[in-house]
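Side-chain atoms are counted along with the backbone in the values below, which use heavy atoms only and exclude waters and symmetry mates.
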Amino acid sequence: MEWTIWAGFAAGLLISTVTAPVGVSGAVFLLPVQLSVLGVPSPAVTPTNLLFNVVAGPGALWRYRRDGALHGGLARRLVAWTLPGVIAGAAVRVFALPGPGVFRLLVAVFLLPLGAWLFLRTLRPARRRPDTAEPSAGLLAALALTVGLIGGIYGIGGGSLLGPILAARGMHMGRIAPATLAATFTTSLAGAAAYAVLALASPGPVAPDWWLGLACGTGGLIGGYLGARLQPYLPETALRLLLGTLAAGLGALYAAQASF
């Protein structure tokens, strides 16, 4: 239907504009819109979300690269470990977890307390640590691999999970946002390809809704660029409060949906 295409474009534009400054592609917020408003079936909603990330990602990444914010090894390390996780997650999603109910509950349990803690910690900060609080190599690898697996299963890219964790450790949002968006884009590209292959072996609705995914992604491409351009002008405290609010709000939304 034509209205779903325009609704998808508007949703992608609005969500990406708000989430790109904090390193979140917005796919995790687009997921309930696709399920509840646009009527995308499960598990096809997951590759459609990944398609959104693939199309939308270059907007914010191009702006961050132009500003020099993609320099450094954090993005490379996140990409290296999320890639194998997202491919494994795609296989798990198609053959073992076709329903969204467990995902909603897990997201609620994880993001609601994490977002609330990040919000409160920003308002009442402890003794400030220097901006070198990057996790150890082993912990970062385990974190990225786990997030990649979750992203492959549910098509969320992983920035919505990586961002709050790294921010809670005291890392600067100017480092977090480009790195998590780079990991989201790369893993979404690999995940979308994996679902395209798995669609050949599965009788269910595994292939993405191409037109809707492209429409949402086009809106996200524009919104991501706008959000990345705004990021350097937004105060660090405001960005942390925004990320904490988004995480807690999403957790509350999924908790309410999981109860039905």
Step-by-step side chain to side chain contact (heavy atoms under 4.5 Å, CB included) determination, Leu38 to Trp3: CA-CA 9 Å; Leu38 303 178; Trp3 77 267; 4.1 Å; yes

Do [X] and [Y] have side-chain heavy atoms sitting under 4.5 Å apart?
X	Y	result
Ile165	Leu143	yes
Leu83	Thr186	yes
Leu30	Asn49	yes
Pro84	Ile87	no
Leu78	Leu140	yes
Leu145	Thr82	no
Trp81	Arg76	no
Phe119	Arg240	no

At what distance, to the nearest 0.5 angstrom, does [atom1] of [X] lie from [atom2] of [Y]?
X	Y	atom1	atom2	value
Met173	Leu243	CE	CG	5.0 Å
Leu61	Phe185	CG	CZ	7.0 Å
Trp62	Arg229	CH2	CZ	9.0 Å
Arg63	Leu230	CZ	CG	9.5 Å
Leu50	Thr187	CG	OG1	7.5 Å
Cys216	Ile5	SG	CD1	8.0 Å

Pairs involving residues 227-248, ordered by first then second residue, that meet ring-ring contact (aromatic ring centres under 6.0 Å, His included) (sequence neighbours left out):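 Not a single pair qualifies under ring-ring contact (aromatic ring centres under 6.0 Å, His included).
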
ILVMFWY cluster, [X] and [Y] together (side-chain gap under 4.5 Å):
X	Y	result
Leu242	Val24	yes
Ile15	Val22	yes
Trp211	Leu221	no
Leu166	Leu239	yes
Val33	Val18	yes

Test item: Thr48 side-chain N/O and Asp209 main-chain N/O as donor-acceptor pair under 3.5 Å: yes

Side chain to side chain contact (heavy atoms under 4.5 Å, CB included) partners for Thr218, two or more places apart: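 Partners of Thr218 by the side chain to side chain contact (heavy atoms under 4.5 Å, CB included) criterion, ordered by chain and then number, come out as Phe9, Val55.
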
Test side chain to side chain contact (heavy atoms under 4.5 Å, CB included) applied to Ala20 - qualifying residues, sequence neighbours left out: Ala60

Which pair of heavy atoms, one from [X] and one from [Y], lies closest together, and at what distance?
X	Y	value
Tyr64	Ala177	OH-CB, 3.6 Å
Leu234	Pro21	CD1-CB, 4.1 Å
Gly115	Ala247	CA-CB, 3.7 Å
Ala56	Gly220	CB-C, 3.5 Å
Gly174	His172	N-ND1, 2.9 Å

Side chain to side chain contact (heavy atoms under 4.5 Å, CB included) between Met171 and Leu74, worked out: CA-CA 11 Å; Met171 292 184 66; Leu74 180 61; 3.5 Å; yes

Phe52 vs Ser16, side chain to side chain contact (heavy atoms under 4.5 Å, CB included): CA-CA, chis, key distance, verdict: CA-CA 10 Å; Phe52 161 78; Ser16 291; 3.5 Å; yes

Leu123 vs Leu241, side chain to side chain contact (heavy atoms under 4.5 Å, CB included): CA-CA, chis, key distance, verdict: CA-CA 8 Å; Leu123 291 177; Leu241 291 175; 3.9 Å; yes

